[in-house]
Amino acid sequence: MATVGSGKFERSTSLLQDALAGRRLPRWGVGAVGLTSLLAAYLLNVLTVVDGVAGTFLVAVLLFVIGQTGWSFTVEGRRHAVDRLATTTVYAAFLIAVTPLVAVLGTVLVKGFPVFSAQFFTTSMRNVSPRSEGGGLYHALIGTLEQVGLAALIGVPIGVLAAVYLVEYAPEAKSRRLSSAISFFVDVMTGVPSVVIGLFIYTAFILTLGLPRSGFAASLALAILMLPVIVRTTEEMLRLVPRDLRESSLALGIPRWKTILKVVLPTALGGIITGAMLSIARVAGETAPLLLTTFLSQSINSNPFKGPQAALPTFIWDQFTSGTDASRARAWGGALTLIVLIMILYAGAKVIARLTGAKKS
Amino acid sequence: MSSTRELPATPAPTASSGIKGKSVRRGDTVFRGLSRIAGIAILLTMSLIALFLVWRSIPSFTVNTANFFTTSEWFPDQTPPVFGIAALAFGTLMTSIIAMILAVPVGIGVALFISHYAHRRMSAILAFSTDLLAAVPSIIFGMWGLEFLTPHMQGLGQWLNDYLGFIPIFRNDLGQYSKSIFIAGVVLAIMILPTISALSREVFTQVPRGNIEASLALGATRWEMVRQAIFPFAKPGMISAAMLGLGRALGETIAVALILSASNSINWHFTEPGGNTFAANIALRWNEAGSTGLSALIASGLVLFIITLVVNVVARGIISRHAEFRGGN
Amino acid sequence: MAKRIDVADLDIYYGSFKAVENVTLAVEPRSVTAFIGPSGCGKSSVLRTLNRLHEVIPGAYITGKVLLDGEDIYSADVDPVNVRRTIGMVFQRPNPFPTMTIRENVTAGLTLDGARRSKAELEQVVEKSLRGANLWDEVKDRLDRPGAGLSGGQQQRLCIARAIAVEPQVLLMDEPCSALDPISTLAIEDLIEQLKLNFTIVIVTHNMQQAARVSETTAFFNLPAIGQPGRLVEIAPTEQIFSNPGEQATEDYISGRFG
């Protein structure tokens with residue numbers, strides 16, 4: 001009796017399993033379709049129906065999509081076929097996006113690295129003609145560091161203070177009009193093209209105030225470009241500081257401004273520094289505003305307030321548009337230097353974010 | 001309620017309590033004032049940008065002998081000056097449209113991949129690598145577009161001409177495929193991809209778990225869940241992500257300046273060399289411009305400023321309306 | 001160094017919303033007064049008006065009087081910063097300043113008020129306050145470690161040390177044990193027992209046993225109905241509140257019939 005009963009039970013579970021599992025493609029199905037498609041595409045390549053690596057790969061992907069969707073449609077039904085097609089598309093989108101990243105970084109590395117030498121980092125382009133090899137970007141490196149540093153000196157305090165206003169003071173203001181206007185225009189400012197900011201500095205400071213084109217003028221443009229990023233990240237960080245912390249500081253009889261300066265800002269400091277470094281990284285490669293506000297220069301000038309001063313982006317622009325083999329090679333060297341600089345800033349920002357994040361827990 | 005309880009007789013205030021004092025502190029006033037000024041400085045900067053661009057572009061308007069909006073030529077320093085933004089507007093629009101067509105679906109796909117398809121640990125790495133793409137300076141994209149992408153696009157351009165040449169935008173009568181609006185559009189697409197994917201990713205991850213689980217609990221496949229739960233919720237965010245990407249494409253300067261050959265003509269054959277944009281035109285003609293030339297370039301910059309402003313305001317408007325709506329729930 | 005507090009006809013508003021209505025009560029010096037009542041009845045709001053912390057929330061204000069030894073703390077010539085220096089506060093969740101060491105946390109109220117103090121003087125304050133908070137023996141060897149590294153109960157005692165370091169007259173405690181485990185809670189209750197020798201203490205608590213254990217006087221707040229302002233139902237010696245309350249609502253709450 002008992003065995004018959006259990007047999008019945010087994011049969012019904014297997015039926016239930018069938019119902020739950022439905023008819024699905026086997027686990028190895030996707031891999032098999034993929035391999036077959038690759039093989040088929042390779043065969044077509046050998047038979048010279050298609051040519052080129054990219055073309056062959058494209059045909060393989062196409063065959064894979066058709067094969068998988070078709071098989072799935074017949075076995076699993078329409079809904080699952082559509083789901084599989086969507087999954088493939090999403091994966092493909094991702095591959096499409098990663099390809100240029102790899103290609104760009106790869107190109108910069110391959111073309112830029114051969115130029116690297118001690119001389120490249122320690123000399124300027126003084127007395128080096130575009131056609132001849134040699135020379136370096138020392139002057140541009142100095143210019144970029146000074147201009148970006150100055151920009152941070154101007155942009156970070158203003159950005160942090162504006163964020164303090166938005167988070168700490170605006171909520172208690174009688175009217176929210178000012179703060180919502182600031183908030184809105186910070187967002188809009190993110191979208192103003194850098195070339196327009198360059199035009200603004202040119203019209204306001206060079207045409208109207210009569211200041212010369214200089215590294216400092218470039219810093220002003222870069223500072224404006226940094227502002228929205230700094231305001232937004234600082235704002236976000238300040239909002240993460242618990243209200244309890246502010247209140248317990250106030251409850252100790254610590255005045256408001258000292259509460260903000262000594263308790264709230266230090267608590268958010270890690271995030272604020274991270275934001276500042278990201279914004280610096282963002283503007284370090286800006287070329288257009290520099291073209292409008294500085295003169296190209298081949299020599300070392302460590303005074304950003306006087307005379308033409310080079311910077312990495314304008315160095316790259318100048319060398320690349322000079323158009324000789326030697327100058328283009330130098331441009332790629334400059335590009336690699338610039339990317340390394342930006343990556344250092346990025347990595348630094350991530351490290352700081354992680355360190356300060358760990359301290360809190 | 002024991003409100004009948006009388007206020008007890010209290011001792012006379014003692015002078016020693018020490019709670020009296022000026023409640024307005026100089027430190028508070030100064031710090032509040034400074035932070036307010038910083039906020040106002042941002043508003044001031046935005047209005048000054050508009051003011052100076054308008055003011056400094058007026059001289060070129062007064063001397064221009066051609067219609068500013070319908071003329072393609074750009075000879076502001078000639079006597080009499082003849083210049084207009086028709087070709088610039090055309091080039092800017094077309095490169096941006098190409099960029100959008102390519103980047104919006106891929107960007108949304110990438111965002112979906114990172115937020116709902118990839119493994120959790122994997123997705124952090126992927127998010128970081130798309131951020132890296134955003135950190136690459138535009139001049140490097142320009143150089144890459146010219147030296148790496150252009151030779152690789154030759155085949156595709158030829159193929160388009162051979163098989164789709166009956167459509168004007170794919171036709172190429174010159175047999176030359178470099179320095180084209182098409183290539184500029186592709187490079188722009190790569191450049192705005194991180195903007196679109198980062199913002200869409202943000203809204204995708206904000207979709208309430210409940211919505212997703214409800215859909216899955218009804219037996220939806222993953223794709224059906226995406227269509228039922230994620231897209232409807234994230235639609236405004238996706239639209240504004242696309243518009244912010246558009247804003248960036250419209251104003252992109254150096255990459256386009258390197259790739260295009262800067263000819264101020266309207267040419268519908270997108271794979272042929274030619275075309276120019278507002279931003280690229282400014283960068284390319286800046287150092288050769290005379291005083292009217294500078295003023296004319298500033299005028300074109302003003303137009304660009306207004307266009308990007310409108311695009312950004314609309315995009316932000318969509319986001320904030322959506323945020324308010326969500327806040328009401 | 002303890003002062004009495006008298007509250008008269010106090011109404012509390014958040015913008016146009018009236019949160020608490022018509023509170024009149026007295027807090028005796030050197031004793032513990034407990035505020036009990038269901039969630040949302042306004043007991044924490046009343047507590048926060050006693051050191052003018054209520055008003056840091058945008059739009060919040062009060063009408064009525066709060067007297068500290070007969071002096072109106074809401075009078076125009078009173079500095080709220082000085083009020084808060086005189087009336088300290090401990091919060092629901094332990095919240096030592098995350099960027100500061102244990103030592104810096106204790107002296108924060110002294111070093112950030114602008115007055116210069118000698119190192120020796122500060123050392124003294126650190127030891128005295130930490131001893132006062134029953135924490136000295138546990139942390140004396142690691143005063144320069146971050147305050148956030150302590151256990152929850154230790155953190156809360158650090159917050160108490162931080163509050164008493166500025167030598168207030170009154171100590172307000174807003175559910176100081178609700179985020180702590182039972183053993184840490186006992187430690188805090190022992191501490192309250194000692195602190196009341198020197199301070200006037202007002203404690204908000206959800207825990208009626210706690211009110212019965214630590215307080216001399218208990219005030220029961222209630223919410224007549226949703227959307228209406230909270231009210232003070234009665235204030236009386238704790239013994240009486242828990243054995244023979246004057247109001248039906250109090251008895252219902254005490255005996256667990258609601259809330």
Side-chain angles (χ1 to χ4, degrees), chain A residues 52 79-80 82-83 86-87 89-91 93-94 96-98 100-101 103-104 107-108 158 161-162 164-166 169 181-182 184-189 191-196 199-200 203-204 207 224 227 255-258 260 281 285 287-288 291-292 313 316-317 320 331 335 338-339 342 346, chain B residues 25 27-28 31-32 34-36 38-39 41-43 45-46 48-49 52-53 56 105-106 109-110 112-113 117 129-130 132-133 135-141 143-144 148 155 190 193 197 221-224 244 247-248 251 253-254 258 279 282-283 286 298 301 304-305 308-309 311-313 316:
Chain A
R79 289 177 54 216
H80 285 289
V82 171
D83 186 45
T87 305
T89 313
V90 167
Y91 274 70
F94 179 73
I96 290 171
V98 168
L101 176 66
V104 169
T107 309
V108 174
I158 296 180
L161 277 174
V164 165
Y165 177 74
L166 289 177
Y169 287 119
I182 294 172
F184 185 75
F185 278 104
V186 166
D187 277 341
V188 171
M189 213 172 178
V192 176
S194 61
V195 69
V196 171
L199 281 176
F200 164 62
T203 53
L207 272 188
I224 295 177
L227 262 180
R256 186 67 182 279
W257 67 285
K258 281 222 166 143
I260 297 172
T287 315
L291 285 180
L292 308 193
I316 298 168
W317 170 263
F320 195 76
L338 186 56
I339 285 205
I342 288 170
Y346 244 75
Chain B
R25 277 152 204 279
D28 272 328
F31 195 60
R32 175 199 300 262
L34 277 178
S35 63
R36 205 177 136 94
I42 289 173
L43 291 186
T45 306
M46 284 300 285
L48 284 179
I49 292 173
F52 275 99
L53 293 189
R56 290 297 179 176
V106 175
V110 169
L112 262 185
F113 181 78
Y117 279 76
S129 60
T130 46
L132 275 188
L133 195 59
V136 175
S138 65
I139 189 168
I140 293 176
F141 277 112
M143 291 157 68
W144 176 79
F148 180 90
I190 297 168
L193 196 69
S197 75
T221 61
R222 186 156 51 175
W223 174 243
E224 285 163 350
L244 292 177
R248 197 175 163 201
T253 312
I254 288 298
L258 278 178
I282 295 170
W286 191 253
I298 292 166
L304 175 63
F305 177 62
T308 51
L309 208 64
V311 169
N312 276 285
V313 167
R316 296 294 171 185

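In what follows, every chain begins at residue 1, and chains take the letters A, B, ... in the order their sequences are listed. What you see is a predicted model, and the numbers here were worked out from it, not measured in a lab.
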* Asked: Out of B:Gly301, B:Gly27, B:Ala279, B:Ser138, which one racks up the most heavy-atom pairs below 4.5 Å with chain A?
  -> B:Gly27
* Could you tell me which portion of A:Thr107 (side chain, backbone, both or neither) has an atom closer than 4.5 angstrom to a non-hydrogen atom of chain B? => side chain
* **Side chain, backbone, both or neither of B:Met46 within contact of chain A (heavy atoms, under 4.5 Å)** => side chain
* Check whether A:Tyr91 gets within reach of chain B through its side chain, its backbone, both or neither, counting any heavy atom under 4.5 Å. => both
* Considering only heavy atoms, which portion of A:Leu166 lies under 4.5 Å from any heavy atom of chain B: side chain, backbone, both, or neither? -> neither
* Interchain contact, A:Leu199 with chain B, by part (heavy-atom threshold 4.5 Å) -> both
* Given that the side chain runs from C-beta out, which part of B:Thr308 has a heavy atom under 4.5 Å from chain A: side chain, backbone, both or neither? -> side chain
* side-chain contact (heavy atoms from CB on, under 4.5 Å) assessment of A:Thr87 paired with B:Trp223 -> CA-CA 7 Å; A:Thr87 305; B:Trp223 174 243; over 6 Å; no
* Looking only at heavy atoms, which two atoms of B:Val110 and A:Ala97 are closest? And how far apart? -> CG2-CB, 3.4 Å
* Check each atom of A:Val108 against the heavy atoms of chain B and say whether the ones under 4.5 Å are side chain, backbone, both or neither. => side chain
* To do: Could you tell me which non-hydrogen atom of A:Leu161 sits nearest to which non-hydrogen atom of B:Ser35, and how far apart they are?
  => O-CB, 3.2 Å
* Structure fact -> Bottom line for B:Leu193: the part with an atom under 4.5 Å from chain A's heavy atoms is side chain
* To do: Let me know if B:Arg32 has heavy atoms under 4.5 Å from chain A in its side chain, its backbone, both or neither.
  => both
* Under 4.5 Å, counting heavy-atom pairs only, tell me which of B:Phe305, B:Tyr117, B:Trp144, B:Phe141 racks up the most with chain A. => B:Trp144
* Taking every heavy-atom pair that is under 4.5 Å apart, which of B:Asp28, B:Val311, B:Leu53 has the most such pairs with chain A? -> B:Asp28
* Please look at B:Val136 and chain A and tell me whether the side chain, the backbone, both or neither of the residue comes under 4.5 angstrom of a heavy atom of that chain. => side chain
* Indicate yes or no: at least one non-hydrogen side-chain atom of B:Thr221 is less than 4.5 angstrom from one of A:Val82. => no
* Walk me through it: do B:Thr253 and A:Leu291 pass the test side-chain contact (heavy atoms from CB on, under 4.5 Å)? => CA-CA 11 Å; B:Thr253 312; A:Leu291 285 180; over 6 Å; no
* Tell me, for A:Leu207 versus chain B, whether the close heavy atoms (under 4.5 Å) come from the side chain, the backbone, both or neither. => both
* Top contributor to chain B contacts, counting heavy-atom pairs under 4.5 Å, from A:Val186, A:Asp187, A:Val164 -> A:Asp187
* To do: Kindly determine whether A:Tyr169 and B:Arg36 satisfy side-chain contact (heavy atoms from CB on, under 4.5 Å), including the steps that lead there.
  => CA-CA 8 Å; A:Tyr169 287 119; B:Arg36 205 177 136 94; over 6 Å; no
* Asked: Among B:Leu309, B:Leu48, B:Leu34, which residue forms the greatest number of heavy-atom pairs with chain A at distances under 4.5 Å?
  -> B:Leu48
* Asked: Given that the side chain runs from C-beta out, which part of B:Ile190 has a heavy atom under 4.5 Å from chain A: side chain, backbone, both or neither?
  -> side chain
* Smallest separation among heavy atoms of A:Tyr346 and B:Ala135, with atom names -> CE1-CB, 3.5 Å
* **Heavy-atom contact with chain B under 4.5 Å, split by part of A:Leu227** => side chain
* Is there a donor-acceptor contact under 3.5 Å from the side chain of B:Asn312 to the main chain of A:Val188? -> no
* To do: Please name the pair of heavy atoms, one in A:Pro313 and one in B:Ile139, separated by the smallest distance, quoted to 0.1 Å.
  => O-CD1, 3.5 Å
* **Most contacts with chain A, counted as non-hydrogen pairs under 4.5 angstrom, among B:Ser197, B:Gly247, B:Gly39, B:Gly109** => B:Gly39
* Relative to chain A, which segment of B:Leu244 carries a heavy atom at a distance below 4.5 Å: side chain, backbone, both, or neither? -> neither
* Closest non-hydrogen atom pair between B:Ser129 and A:Leu101, with its separation -> O-CD2, 3.4 Å
* Considering only heavy atoms, which portion of B:Arg25 lies under 4.5 Å from any heavy atom of chain A: side chain, backbone, both, or neither? -> side chain
* To do: Side chain from CB out, backbone as N, CA, C, O: work out which of these in A:Leu338 comes under 4.5 Å of a heavy atom of chain B, or both, or neither.
  => side chain
* Side chain / backbone / both / neither for B:Phe148 at chain A, heavy atoms under 4.5 Å -> side chain
* To do: Of all the heavy-atom pairs spanning A:Ala93 and B:Val106, show the shortest one and how long it is.
  => O-CG1, 3.5 Å
* If you round to the nearest 0.5 Å, how far is CG of B:Leu258 from CZ of A:Phe320? -> 6.0 Å
* Asked: What is the ring orientation for A:Phe94 with B:Phe113, classed by angle as parallel under 30°, tilted 30 to 60°, or perpendicular over 60°?
  -> parallel
* Asked: Passes side-chain contact (heavy atoms from CB on, under 4.5 Å), A:Phe185 versus B:Thr45? Steps please.
  -> CA-CA 10 Å; A:Phe185 278 104; B:Thr45 306; over 6 Å; no
